[in-house]
Amino acid sequence: MIKPFYQAACLYRRADDREAEHPLVGLTRRHFEAAAVRTDVIDDYLRLSNRSYRLDVTASRGGLATALAFVDNLIRAFEDRGHRVVIAGGFQKLARISIGGDENSREYFRLAARRPTVVYVGNIPIGLAIIEIKISKKMQYAGYGKFVPAEEWKGRHVGHTWSTVKEMPSGRIKLVAYDPSRSAGWRQEWQESKTGQLAGRVDEIARRVEKAAKILAAIE
């Protein structure tokens, strides 16, 4: 039995509080649970094979529950409006764009999903990527290859110690919607400055994506 490593997420529950988890979210959660059992992490981010069939979610142990709850509600918001959300197949000429400046690194390549998550608004595909935002944080070496936040450092003797600044998960979410066909180069972002800010905006986001799809359809 896999021991749950995340807390129940309440921030991103819709008002109707549907009992069942969306199948795509359940599939993705199982991949993350397996990674947690392996303690397969990079800077506290859970690492999955980019060949795995899963939603495009990048999150840490602590941020995973709210990230998956958010994407669950986002998918339902699209489906409620008659749009289907899928994981693009290899046979489709759709590609995930670069989301941030650190994505050319080997570490990010190991974190990112290879196939884009796509919502179809009519016949127009819109890519969706959910990323837990990184922040720069002062860390102190605590021995045995581990670092702790400087404010949590108790000064225990571990031999040689030093402080450094590391990029760490913040618990805040960024959603990037983009043109996976790369015909128009369109993208739009929604980013939290405080955890939970996107909780009540899934319907607004769905409407914005619909408007963008109409523009992309006119370009094609």
Side-chain angles (χ1 to χ4, degrees), residues 1-80 83-90 94 96 99 103 107-120 126-134 168-177 180 190-192 195-203 205-206:
M1 178 178 178
I2 296 175
K3 182 179 179 180
F5 60 90
Y6 52 84
Q7 297 176 344
C10 298
L11 285 173
Y12 294 105
R13 288 299 172 198
R14 291 171 67 88
D16 56 9
D17 194 23
R18 303 178 190 184
E19 294 182 4
E21 188 174 54
H22 192 280
L24 289 176
V25 176
L27 173 70
T28 302
R29 177 178 51 79
R30 289 190 289 275
H31 282 294
F32 275 111
E33 285 180 340
V37 170
R38 297 194 304 269
T39 62
D40 219 351
V41 298
I42 299 174
D43 290 342
D44 287 339
Y45 284 83
L46 291 162
R47 177 169 67 85
L48 297 96
S49 167
N50 57 15
R51 294 181 181 274
S52 61
Y53 186 77
R54 60 181 172 90
L55 293 169
D56 191 354
V57 176
T58 303
S60 66
R61 291 174 183 270
L64 180 61
T66 49
L68 291 182
F70 169 72
V71 72
D72 187 280
N73 290 333
L74 183 64
I75 291 173
R76 295 180 190 279
F78 281 122
E79 291 183 343
D80 286 348
H83 313 308
R84 59 191 175 96
V85 177
V86 301
I87 301 168
L94 302 174
R96 187 188 191 276
I99 303 298
E103 294 195 0
E107 288 77 12
Y108 190 90
F109 178 78
R110 293 162 67 192
L111 285 167
R114 171 164 293 189
R115 300 305 307 165
T117 297
V118 174
V119 55
Y120 277 93
I126 301 291
L128 302 170
I130 296 88
I131 305 102
E132 185 178 352
I133 300 166
K134 289 182 179 181
M168 303 296 292
S170 66
R172 295 183 283 114
I173 291 172
K174 175 169 72 173
L175 167 67
V176 181
W190 293 264
Q191 181 169 312
E192 294 181 334
T195 302
Q197 283 183 333
L198 291 182
R201 298 184 63 188
V202 290
D203 293 311
I205 291 168

### Query
Which distance, rounded to the nearest 0.5 Å, do you find between the CG of Leu24 and the CG of Leu68?
11.5 Å
### Message
With a 3.5 Å distance limit and no angle check, can you tell me whether Glu132 reaches the backbone of Ile173 through a side-chain donor-acceptor pair?
### Response
no
### Query
Does any non-hydrogen side-chain atom of Arg96 lie less than 4.5 Å from one of Asp56?
yes
#### Entry: Side chain proximity check, Ile126 to Val118, heavy atoms < 4.5 angstrom
no
#### Entry: N/O donor-acceptor pair under 3.5 Å between Asp72 side chain and His22 backbone
yes
### Task
Grab the two heavy atoms, one from Ala67 and one from Val57, that are nearest each other, plus how far apart they are.
CB-CG1, 4.2 Å
### Query
So do Val25 and Leu55 actually touch side chain to side chain, heavy atoms under 4.5 Å?
yes
### Message
Tell me whether Glu192 contacts the main-chain N or O of Gln197 through its side chain, where contact means a donor paired with an acceptor under 3.5 Å.
### Response
yes
### Query
What residues form a salt bridge (charged side-chain N to carboxylate O under 4.0 Å, His left out) with Arg201, not counting sequence neighbours?
Glu204
#### Entry: Atom pair OG1 (Thr66) and CG (Leu198), whose distance is rounded to the nearest 0.5 Å
10.5 Å
### Task
Drop me the distance from Lys134's NZ to Arg172's CZ, to the nearest 0.5 angstrom.
13.5 Å
### Message
Using side-chain heavy atoms (C-beta onward) and a distance below 4.5 Å, is Ile131 in contact with Val176?
### Response
yes
### Query
Do Tyr120 and Val85 have side-chain heavy atoms sitting under 4.5 Å apart?
no
#### Entry: Side-chain donor or acceptor of Thr117 paired with backbone N/O of Ile87 under 3.5 Å
no
### Message
Can you give me the closest heavy-atom contact between Trp190 and Ala177, atom names plus distance?
### Response
CZ3-CB, 3.8 Å
### Query
Has the side chain of Arg115 got a donor or acceptor atom that lies under 3.5 Å from a matching backbone atom of Leu94?
yes
### Query
Do Val202 and Phe70 have side chains that get closer than 4.5 Å, going by heavy atoms?
yes
### Query
Passes salt bridge (Lys or Arg N to Asp or Glu O under 4.0 Å), Glu79 versus Arg84? Steps please.
CA-CA 6 Å; Glu79 291 183 343; Arg84 59 191 175 96; over 6 Å; no
## Note on the structure
Smallest heavy-atom separation, Ser60 atom then Gly63 atom, equals OG-N, 3.1 Å
### Query
From Glu21 CD over to Thr28 OG1, what is the distance, rounded to the nearest 0.5 angstrom?
8.5 Å
### Query
Quick one: which of Leu74, Asp80, Ile75 gives a side-chain contact (heavy atoms from CB on, under 4.5 Å) with Phe78?
Leu74
